[in-house]
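Beneath this line is the structure, given in structure tokens, with notes to follow.
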Amino acid sequence: MKIDKNEVLSLLRKSDGYISGQELCDKFQVSRTAVWKVINQLKEEGYELEAVQNRGYRLLQSPNVLSQKELTSRMNTKWLAQSLYYYDTIGSTNIEAKRLAEEGAPHGTLVVADAQTAGRGRRGRSWVSPAGSSVYFTVLLKPQFQPEKASMLTLVIAHSVALAVERYTGMDVGIKWPNDLVIDGQKICGILTEMNVETDYIQHVVIGVGININQQTKEEFAEEIRENAISIRMAYGKEINRAELTAYIMEQFEKDYEIFVKTENLSGLLESYSTHLVNLDKQVKVLDPHGEYTGIARGIEENGELIVEKEDHTIEHVYAGEVSVRGIYGYT
Ligand code: BTN
């Protein structure tokens, strides 16, 4: 058997205390020297490891980098992100996930990048994606449900990212229906869900998420989004470990997705989702291709539609796939 560096790191990370050299030898069926070599390699890569005689090894600190190893060793999921592709730079994680899907990549595959050269935003816009501070990822799913249900996945993952960021930072995170996340009214995250449909069934869905994480100033954002953008770090005041946050998101999304597929609607998530909805009881302008109108957002339906009460008190149901919603006094 061969000793696997990623697995050693996962074991060290998941253990509360020390792992003895002997345990590692037994697990991988290798010599003490082989274990010692791997430990040294990890140290060279920036991992701080303590070695205590008769007790073993303990992980004290990890380098704050985004890498395949950092991501896989932090994952606490059963089926999601078990197949994981990390790239320092890629065109677009959504496009790459679709390409992998065509090649037979499994349901739950995660594609992560530090930078994108052709990042895609909603409505045909581009998503400027420099290296170092954000995280860009795409989850590939091959669900059994009907294509018209897929737009709800944007809402499901928005909920998961909100909860994960709240778990990491303790701050309140809002969802601007259907696909933006905000802190203090400013955007920290955008979501782009795309799907391939064959006659009447979904071949695959890709859910792409871009999160502003460690930018320290507004100047680090592209000019066209600067006014309404903020990073988690700017709000939180401390640097974030991107790999750790990504693992939190996957853990939450796995749970939320399982709740969602039971009913194929948002009933199981509605209560929690609603407490995060920043549009609730606020005036919104609905940019419907058939004509704009304003009203007050009253919540969402189990199928993900936004309930909007128009000025004449009639109720409209707004389908996430079709429209964009703006606050009438600004971005939210
Ligand atoms: C938006 O316009 O708000 C949606 C932006 C979605 C960006 C993410 S970054 C990862 C994934 N890959 C892409 O090319 N786009 C999405």
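Every number for a ligand or one of its atoms is a count from 1 in the order of the listing. Positions are given from 1 along the sequence.
- Contact residues for ligand 1 (protein heavy atom closer than 4.0 angstrom to any ligand atom): Ser92, Thr93, Asn94, Gln116, Gly119, Arg120, Gly121, Arg122, Trp127, Tyr136, Phe137, Thr138, Asn179, Asp180, Lys187, Gly190, Ile191, Leu192, Gly208, Val209, Gly210.
- Every salt bridge (Lys or Arg N to Asp or Glu O under 4.0 Å) that Lys5 has, sequence neighbours left out, goes to Glu45.
- Taking a cutoff of 4.0 Å between a charged side-chain nitrogen and a carboxylate oxygen, Glu7 and Lys27 qualify as a salt bridge.
- Sorted by first and then second residue, the salt bridge (charged side-chain N to carboxylate O under 4.0 Å, His left out) pairs involving residues 85-104 (not counting sequence neighbours) are Glu96-Arg99, Lys98-Glu194, Arg99-Glu103.
- Between Lys262 and Tyr257 there is no side-chain heavy-atom pair separated by less than 4.5 Å.
- Aromatic rings from Trp36 and Tyr57 are positioned such that their centres are separated by 6.0 Å or more.
- The salt bridge (charged side-chain N to carboxylate O under 4.0 Å, His left out) contacts involving residues 154-169 comprise Arg167-Glu251, where partners must be two or more places apart or lie in separate chains.
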